[in-house]
J.: 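My structure is below; once you've seen it, I'll send some questions.
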Amino acid sequence: MNFPSVDLHCHLDLYQNSTLIAAQCRKAGTYVLSVTTTPRAWRGTAQLAMGNARIKTALGLHPQIAHERLDELPLFDMLLPATRYIGEIGLDGGPQWRSHWRAQMHVFEHILASSSRAGGRIITIHSRRAATAVLDALARYPDAGIPVLHWFSGSKSELSRAIDMGCWFSVGPGMVQSKRGRELVRLMPLDRVVTETDGPFDFVGGRPLEPGEVDGARNALSLCWRTKPEEVAARVLASFRRLVSSAVGGAA
Ligand code: MN
């Protein structure tokens with residue numbers, strides 16, 4: 001059986017030929033969470049999903065540009081009622097971004113507070129070199145919704161804390177290339193893992209991954225879980241359906 005791909009974190013609007021790529025997603029029946037990096041990009045990106053219920057457009061403000069886009073928070077709040085999905089948001093503790101830590105934290109907390117007030121959302125979260133700070137913030141906003149940690153690269157103890165807090169995980173091919181990444185995946189709860197590409201930022205064979213191109217992720221999960229890739233596909237699809245049918249943020 002051929003299961004449709006689940007891509008829970010993809011930057012559809014950042015492909016050069018995004019309209020064509022969106023049409024290909026429709027043809028393939030791919031489920032895509034199309035994430036945005038600024039509130040200003042949301043409307044245009046949502047148009048790429050028009051007439052295709054399998055593409056959902058998340059409202060985001062990426063931590064690496066948070067300091068430049070503080071003035072877009074009112075727009076974020078204005079658009080929030082229009083979607084059940086938030087992302088990409090989060091924190092980045094890398095050396096390049098640490099100098100903007102306060103702005104990152106301000107944006108992240110603002111959005112978690114807004115989401116809580118709005119009844120919660122499904123949230124795709126960046127936590128590179130910042131897993132503990134992300135989890136601390138999520139603990140301060142327990143009603144923000146369902147966090148899905150994308151490309152998680154924290155420690156084992158941070159992972160176990162995230163699991164205890166009810167986090168989900170989206171796993172892409174890039175994350176399972178290292179032994180350490182695969183060890184983390186093995187420790188994740190099987191029923192809270194979905195696939196992602198993070199395209200066009202992650203590559204395969206020198207070209208950006210396309211939305212729904214999750215074969216690499218499925219194969220890696222099949223090794224980690226010692227099960228066939230088809231069973232991985234079926235399991236991920238079932239988990240995805242459970243995630244999106246949650247009561248968070250209103251009707252699916
Ligand atoms: Mn991303």
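Counting convention: from 1, in listed order, for ligands and their atoms alike. All heavy atoms count here, side chains included; hydrogens, waters and symmetry mates do not.
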J.: Closest to the Mn ion (ligand 1), which N/O/S atom of D198 is it?
T.: OD1
J.: Report the atom name of the nearest N/O/S atom of E88 relative to the Mn ion (ligand 1).
T.: OE1
J.: Between H110 and D77, is a side-chain hydrogen bond (donor to acceptor under 3.5 Å, both in side chains) present by the stated rule, with each step listed?
T.: CA-CA 9 Å; H110 177 102; D77 292 342; 2.8 Å; yes
J.: Is the closest basic N to carboxylate O distance between R43 and D13 below 4.0 Å?
T.: no
J.: Does I125 belong to the same Ile/Leu/Val/Met/Phe/Trp/Tyr cluster as L80, with side-chain heavy atoms less than 4.5 Å apart forming each link?
T.: yes
J.: Is H62 close enough to the Mn ion (ligand 1) that one of its N, O or S atoms comes in under 2.8 Å?
T.: no
J.: For the CG atom of L33 and the NZ atom of K56, what is their distance to the nearest 0.5 Å?
T.: 10.0 Å
J.: Write the atom name of the N, O or S atom in H9 that is nearest the Mn ion (ligand 1).
T.: NE2
